[in-house]
Amino acid sequence: MSSSRQQAKRRHRDAEQGWRSDDDEYDYSGNQQSAGAGSHATESESEPVSKLSTQDQDLIDRLAFEERLRARDSAATRSTGESERDRRDREAAQERDLIARLEADERRQVLERSRQISRSSYLEKRVSDKLAEAEALARAERLLFRDQDLTERELRQRELRERTFRTASEHHERVDAVETGYVLPDETTYEPEKDLKRARKKEAEQFRRYTSTEKGDTGRSAWEDEQIGKGQLRFGAGAGRAGPGSSGPAGLLMLDDLLQGEDIEFVLDQVAGGTPAAEKLTPAEIAAQEERHRARTIREQRESLPAFEYREEFLRVMEQNQVVVLVGETGSGKTTQIPQFLHEAGYTRRGRIGCTQPRRVAAMSVAKRVSEEMGTRLGQEVGYSIRFEDCTSDRTVIKYMTDGMLLREFMTEPDLKSYSVMIIDEAHERTLHTDILFGLVKDIARYRPDLKLVIMSATMDADKFSRFFDDALIFKMHGRRFPVDIYYTKSPEADYLDACVVTTLQIHLTQGRGDILVFLTGQEEIETVQENLQKRMKALGPKAPELIICPIYANLPSDMQNKIFEPTPAGSRKVVLATNIAETSITIDGIVFVIDPGFSKLNSYNPRTGMSSLLVTPCSRAMVNQRAGRAGRVGPGKCFRLYTRWSYEHELEENTVPEIQRTNLGNVVLLLKSLGIDDLVNFDFLDPPTPETLIRALEQVRASPVPSRHLHFPLAQLIVTICAMLSVNSSVFYAPKDRKSESENARLALTRPHGDHMTLLNVWNSWVETNYSVQWCFENFIQYRSMNHARDVRDQLLKLLERVEIKLVSNEEDDIAIRKAITAGFFYHAAQKNISGKDFRTSKSNQTVLIHPSSTLHKTPVEWVVYHELMLTSREFMRQVTEIDPTWLVEVAPHYYSGSDITGSETSGKGFHGEKRHKSSGSALR
DNA sequence: GAGCACTGC
């Protein structure tokens, strides 16, 4: 208990820092609730099923399932009102999905062509434009936002704003030298006319400053010129677009020289976000407000939140309604305040208030904040519950938890009777778990009229939520955000990576203070952009202000991740190259500019082939708006979208397809079954998954009890380790581009024969031998964070096995026995090498697949393998692969394989190396 | 010859 508290304490500290520090050692303590829940699941899973009846049952169930499906559809057609609407919604969604898939390829090709055409004509025009252009910095903003449609007056205003913004940013740097953190611009930025003279004088000074640089330097050296040229040719994706910079007086630090005709034209289109209150305030007023805010007591801080204005009205609405859909913009304070309002109004006298969050860090940090506001110790009146850690007590009345944790709670408390209010927060994110929760809480609310429900969401989808909850009342709250100017490119960009580099430099050299956030799709893109930016900055020489480049993605080791939180020194600028981890999971202070190419990697599951795909996909409008919002957290911001406004309006989907419609539902089916919900067809989904996905999931679940009988106990410990290692899925090894050979050697040293499962086991054992050393991980390019996670998972699994009274016998490693056990678990994931010897063919489903390059078997000649998962990225890959003897398949899954399935392979029927050991370990299997 | 977005139990 005390160790659990210590552990909790550490995590709070982590939560306070906003990001988990991995230098911590972890204690391991069980979690009663999940342990109990797990045993429940195991019971239903390990129900004995005989071979024949499985198949029959399968067929019968499937037919019954399809029958129910038809019945539901025809019932929906007959009846009116809601079910009719549901059906239409679903059909429309399916149709949209199909059309989208068919059109995507064609559209992409057309778009690509039109981009190239427009780009080349644009470049021609730019060549003639170039000749007319002279100075650079004084006209920087105009160069960046050139737009013929502007009136004289608008142009003048823009010029003034740019000039004064520069003045203001100089002021910031002075202020910043004294105190760190972001300082809001003073009012001169926004009321330039008032001090035109001063602005003119500043401008003159500014210009002098740069010309004097010229004198001191007598022009760029030939070497520097060459470097710039090289950089252009070698690294710019736009190399060859334009000749060496020739415009402007020689020797000036010229924007044109740097960009060499590559600068991108942006058009200011709209101002997004920005609550009326924030817009009306001058920066000086905002700064003053912030200052007052800091000095305030906690109570005053609470009362200054927008949510406070709605307190009485909200409580009245809650009294009169059982379900309320609460739309609260970011910055309204809903997550921290609503539970407190309800507590203060006495709802906790009848039971707890629960509040779900999609992420662990959020659950922890919000609970901490609220406990401070209430003046209690965390874990007492206010607590949180996440996997591996339950920080609540009997006295807890406000409980924050991850959505997945509440799902687990349903197993021990199906009616949620200890709760008087349940709040589902961040509903708009539509995570898999929240979507399932919707159906469950809706059902409970029907027979528990005393249970209040609050569905909290950012603006989108409120009507949809309301309709789902029988036309629940929608309650709106304004938030507190700064306005963000949205810029679109005037013409489509042919190469968005290059466009990112160019835009970053444009901002860096022309815009006022503030860090830049660039959204990219993955590690590879981030590394490419980072490399290009580094070269371009180097080519610029020491005259350019420093640009600190910080990559961030989930698989980056945490010490490197933490770099993005270091404050930017005065006089330099930070550019954060991020995946969509920066959309919701982390927030970075000081971001003023966002660059958004409009793409992300999206996982979707195809039930027909059992293959997941992880492909670069255009973002939805909801997603790009979320990204833009990241620029308006500390002050007014700017978002540069690397696509046209037309694209935004016509090519992007409104919303991202909810997760539940694009994942393998095997686990969901298991979960719902363990809650006693067998009739998945009629489960009340907000957006129902496709019937195919459901059918496939049921089949998959039906297949799983069989191998669980084969997994005999003496092996359990080793298998549990492998399972835990697999659960950290492909993020055990770290392979940075710039240290490729080192990391490959380290990996090779840890590789064991016969594939990835054995290698993972070896990695684990080696780590244990070093007593869970951080240093060892670092030296061997192993992700310490992943190993720690595997340790947590392994610990939990062992506790579960203990609960179902499986005795763990630690035996020596018999690799054949282990691999046979893996085969027993994954027999339906077998593949054989094709005659060509180049690729593999999956058994039964006959798909052509390859071994993923990250696998230890990538270049090894193997005939038969079982794989953990299929994934479509650039090709169709098997990930986490182990070499097997095909005779094992017939042995462990005779209901699935017969001898004819494995004939024609070299190894079939042979003794295989280690026949003797095989026999001696035979008792380990069945 | 080629590579793994992000959560969560």
Look at all strands and tell whether [X] reaches a base, only sugar-phosphate, or nothing, counting heavy atoms closer than 4.0 Å.
{"X": "L602(A)", "result": "nothing"}
{"X": "T431(A)", "result": "nothing"}
{"X": "T402(A)", "result": "sugar-phosphate"}
{"X": "K838(A)", "result": "nothing"}

Backbone N/O of G666(A) and side chain of N664(A): donor-acceptor pair under 3.5 Å: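 The answer is yes, because a donor-acceptor pair under 3.5 Å joins these two groups.
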
I want to verify a distance call: between [options], whose nearest atom is closest to the [X] side chain?
{"X": "R875(A)", "options": "dT7(B), dA2(B), dA5(B)", "result": "dA2(B)"}
{"X": "M405(A)", "options": "dC9(B), dC6(B), dC4(B)", "result": "dC9(B)"}
{"X": "S585(A)", "options": "dC4(B), dC6(B), dG1(B)", "result": "dC6(B)"}
{"X": "I386(A)", "options": "dC4(B), dC9(B), dA5(B)", "result": "dC9(B)"}
{"X": "Q523(A)", "options": "dA5(B), dC4(B), dG8(B)", "result": "dA5(B)"}
{"X": "R879(A)", "options": "dC4(B), dC6(B), dA2(B)", "result": "dC4(B)"}
{"X": "F877(A)", "options": "dC6(B), dC9(B), dC4(B)", "result": "dC4(B)"}
{"X": "K859(A)", "options": "dA5(B), dG1(B), dG8(B)", "result": "dG1(B)"}

Basic-acidic side-chain contact under 4.0 Å: R739(A), E742(A):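 Looking at R739(A) and E742(A), the cut-off is met.
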
With respect to the phosphate group of [N], does any side-chain polar atom (N or O) of [X] fall under 4.0 Å of OP1 or OP2?
{"X": "T579(A)", "N": "dC6(B)", "value": "yes"}
{"X": "R360(A)", "N": "dC9(B)", "value": "yes"}
{"X": "H852(A)", "N": "dC4(B)", "value": "yes"}

Using whole Å, report how far [atom1] of [X] lies from [atom2] of [N].
{"X": "N667(A)", "N": "dC9(B)", "atom1": "CG", "atom2": "P", "value": "13 Å"}
{"X": "D756(A)", "N": "dC4(B)", "atom1": "CG", "atom2": "P", "value": "14 Å"}
{"X": "L675(A)", "N": "dC9(B)", "atom1": "CG", "atom2": "P", "value": "16 Å"}
{"X": "Q626(A)", "N": "dA5(B)", "atom1": "CD", "atom2": "P", "value": "20 Å"}
{"X": "L726(A)", "N": "dC9(B)", "atom1": "CG", "atom2": "C1'", "value": "16 Å"}
{"X": "E525(A)", "N": "dC6(B)", "atom1": "CD", "atom2": "C1'", "value": "15 Å"}
{"X": "E527(A)", "N": "dC4(B)", "atom1": "CD", "atom2": "P", "value": "13 Å"}
{"X": "I581(A)", "N": "dA5(B)", "atom1": "CD1", "atom2": "P", "value": "11 Å"}

Whether H868(A) and H757(A) hold their rings parallel, tilted or perpendicular, with breakpoints at 30° and 60°: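 Ring orientation of H868(A) relative to H757(A): perpendicular.
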
Sub-6.0 Å ring centroid separation between F519(A) and F599(A):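 Between F519(A) and F599(A), the centre distance exceeds or equals 6.0 Å.
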
Donor/acceptor link under 3.5 angstrom from T873(A) side chain onto base of dC4(B):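 Donor-acceptor pair under 3.5 Å: no.
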
Any residue meeting side-chain contact (heavy atoms from CB on, under 4.5 Å) with S612(A), in chain and number order, not counting sequence neighbours: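 Testing S612(A) for side-chain contact (heavy atoms from CB on, under 4.5 Å), a comparison that skips the adjacent residues, returns N603(A), Y605(A), M871(A).
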
CZ-CD1 distance between R841(A) and I835(A), expressed to the nearest 0.5 angstrom: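 Between R841(A) CZ and I835(A) CD1, I get 8.5 Å after rounding to 0.5 Å.
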
